[in-house]
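Note sheet for the following structure.
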Amino acid sequence: MIIPPKVLNLLWRAITDSLPTCVNLVTKYVPISAQCPVCRTQPETAIHALVHCSFAADCWRSFGLPVNAAASSSFGGWFESLQQTGDNDQVCKVAMLCWALWKSRNNTVWNKKNSSVNDVLVSASITLDHWRKAQDKFTLSSLSPNNSDDGAELWTKPANNYIKINIDAALFHHEDSYGFGIVARDDLGKLIEARTCYKAGNYSAEVVEELGIKEALSWIKSNNWQKVEVETDSLLVVQAIRSDHNMSSTFGLITKDCHALLLSLTDVNLCFIKRSANQVAHAVARHARFLPGCSIFEYNVWPDLQALLYSECF
């Protein structure tokens, strides 16, 4: 069964009854109610949270796997019976749905937000799809010798007469908002302009990274810039934009837009770099919530960012 490590970890904890369900927490003398925080009708055990809860049962029915509430008393027994079907792809999807259900449950507990059945099904499907594409050896081959600049650990000045643009995303979960920073520098390493964006919304890091890249590519196009090196520290996003895979998701639609924009530009290259080579864009992205929709130039750059810019130039 090939699934993300975080999903395997969830399955192991559910099978060994070590998930922090309400019942398990009460047995460890945590002063909370043992009732399920989603349906509020039954004590929350692993089998209840992931299978028998009325919301979970609705998800399984929409998934196409009706649950017999009396069939299994433990999650381990329930999951083992599924594995005996021999349909490995189905079992992987079941595992992903369990993970999405637990994620939804935690969102209810910690953020007081209830998910819809469709939210859970889409989250499970898209997460598995993205993870599989990231593991795909064919997709990984897109980081080939033709893209020898990938993986830089330190920021470097662009080639003569080139512009380098760095992009990074920031998620502000407690505010249900996101932002990104875009930084353009010339071949001497001097700041041309930095831009911030801060908006309400709850998206994955990959989607926000792509929104930043789309904005940067649109900026390049509006300025008629050529000879531009575009850098981001999201490997998944770079792979997706370079590939021609179609994905029926928000991420997939933005990928398609970025791919088309990139093809419409002259001598503009997209590269993957390590986080350590993207520190200036990261700092700008983190400041997006304080400076929404702001353009930053050398005359109004704040001291810490100016020091970071200077340190990377010399």
Side-chain angles (χ1 to χ4, degrees), residues 126 129-130 133-134 139-140 142-143 146-147 149-152 155-156 158 162-172 177-185 191-199 201-247 249-289 292-296:
I126 289 177
D129 183 51
H130 289 179
K133 284 181 169 60
T139 303
L140 287 172
S142 66
L143 299 179
N146 294 327
N147 299 304
D149 292 334
D150 283 317
W155 189 88
T156 58
Y162 271 75
I163 294 170
K164 179 170 282 191
I165 293 181
N166 289 79
I167 304 143
D168 199 23
L171 303 180
F172 307 106
S177 59
Y178 66 90
F180 51 79
I182 306 171
V183 181
R185 285 179 273 186
L191 179 66
I192 299 173
E193 183 180 351
R195 289 186 165 193
T196 64
C197 176
Y198 177 75
K199 294 186 178 182
N202 191 358
Y203 295 104
S204 67
E206 291 79 15
V207 167
V208 179
E209 290 277 4
E210 280 204 317
L211 287 171
I213 291 173
K214 182 179 177 180
E215 179 67 24
L217 294 175
S218 298
W219 187 31
I220 292 168
K221 191 167 188 174
S222 66
N223 283 305
N224 293 315
W225 282 341
Q226 299 181 12
K227 296 184 177 180
V228 184
E229 300 172 14
V230 181
E231 296 183 337
T232 174
D233 57 24
S234 176
L235 176 59
L236 175 60
V237 167
V238 172
Q239 291 174 332
I241 293 173
R242 286 178 181 170
S243 74
D244 58 358
H245 291 296
N246 290 317
M247 291 175 278
S249 62
T250 301
F251 179 81
L253 293 173
I254 303 171
T255 296
K256 189 175 181 180
D257 289 344
C258 290
H259 187 80
L261 271 169
L262 196 57
L263 290 176
S264 71
L265 299 170
T266 302
D267 201 3
V268 176
N269 299 308
L270 176 65
C271 293
F272 161 71
I273 55 170
K274 300 290 182 63
R275 171 59 65 88
S276 56
N278 210 31
Q279 294 184 61
V280 171
H282 180 69
V284 173
R286 298 306 302 176
H287 269 73
R289 59 199 290 246
C294 182
S295 288
I296 302 157

Discussion item. Could you walk me through whether Glu206 and Ser234 satisfy the side-chain hydrogen bond (donor to acceptor under 3.5 Å, both in side chains) test, starting with their C-alpha distance in whole Å, then the side-chain angles of each, then the deciding distance to 0.1 Å, before giving a yes or no?
Written reply: CA-CA 7 Å; Glu206 291 79 15; Ser234 176; 5.6 Å; no

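- Taking the side chain as every heavy atom from C-beta outward, Ile213 and Ile241 approach each other to under 4.5 Å.
- Between Leu261 and Ser218 the shortest side-chain heavy-atom distance falls below 4.5 Å.
- The CG atom of Asn166 sits 9.5 Å away from the CD atom of Glu229 when rounded to the nearest 0.5 Å.
- Between Tyr198 and His287, every side-chain heavy-atom pair lies at or beyond the 4.5 Å cut-off.
- Although no hydrogens or angles enter the test, the distance criterion places a donor-acceptor pair under 3.5 Å between the side chain of Thr196 and the main chain of Cys294.
- Residues meeting the salt bridge (charged side-chain N to carboxylate O under 4.0 Å, His left out) test with Glu231, sequence neighbours left out: Lys164.
- Two residues are said to be in side-chain contact when any heavy atoms from C-beta on lie closer than 4.5 Å; Arg185 and Ile165 fail this criterion.
- Rounding to the nearest 0.5 Å places CD1 of Ile254 at 4.0 Å from CG of Leu211.
- Closest non-hydrogen pair, Ala285 versus Phe172, comes out as O-CZ, 3.8 Å.
- Only one option out of Leu171, Asn202, Val207 pairs with Tyr178 in a side-chain contact (heavy atoms from CB on, under 4.5 Å); it is Leu171.
- When all heavy atoms of Gly212 and Ile182 are compared, the pair lying nearest together is O-CD1, 3.7 Å.
- Salt-bridge annotation for Arg275 and Asp233: present, with a side-chain N of the basic residue lying under 4.0 Å from a carboxylate O of the acidic one.
- Of the possible donor and acceptor atoms, none in the side chain of Arg289 sits under 3.5 Å from a partner among the backbone N and O of Ala170.
- Between the CD atom of Glu210 and the OG1 atom of Thr255 there is a distance of 3.0 Å, given to the nearest 0.5 Å.
- Considering every non-hydrogen atom in both Ala169 and Ala205, the closest pair reads CB-O, 4.4 Å.
- To the nearest 0.5 Å, atoms NZ (Lys221) and OG1 (Thr266) are separated by 10.0 Å.
- At distances below 3.5 Å, at least one donor-acceptor pair connects side-chain atoms of Asp150 with backbone N or O atoms of Phe272.
- For the residue pair Ala288 and Cys197, the shortest heavy atom distance occurs at CB-O, 3.3 Å.
- Side-chain contact between Glu209 and Phe180: absent, with no pair of heavy atoms (C-beta onward) separated by less than 4.5 Å.
- Atom CZ of Phe251 sits about 10.0 Å away from atom CD1 of Ile126, to the nearest 0.5 Å.
- Minimum heavy-atom separation, Gly179 to Val208: O-CG1, 3.5 Å.
- Between Leu191 and Val280 there is no side-chain heavy-atom pair separated by less than 4.5 Å.
- Nearest heavy-atom pair across Gly181 and Val284 is CA-CG1, 3.7 Å.
- For the pair Trp155 and Gln279, the minimum side-chain heavy-atom distance is 4.5 Å or more.
- At most 12 heavy atoms of other shown residues, nucleotides or ligands fall within 6.0 angstrom of atom OH in Tyr203.
- Summarising the geometry, atom NZ belonging to Lys214 is positioned 14.0 Å from atom CG belonging to Leu262; distances are rounded to the nearest 0.5 Å.
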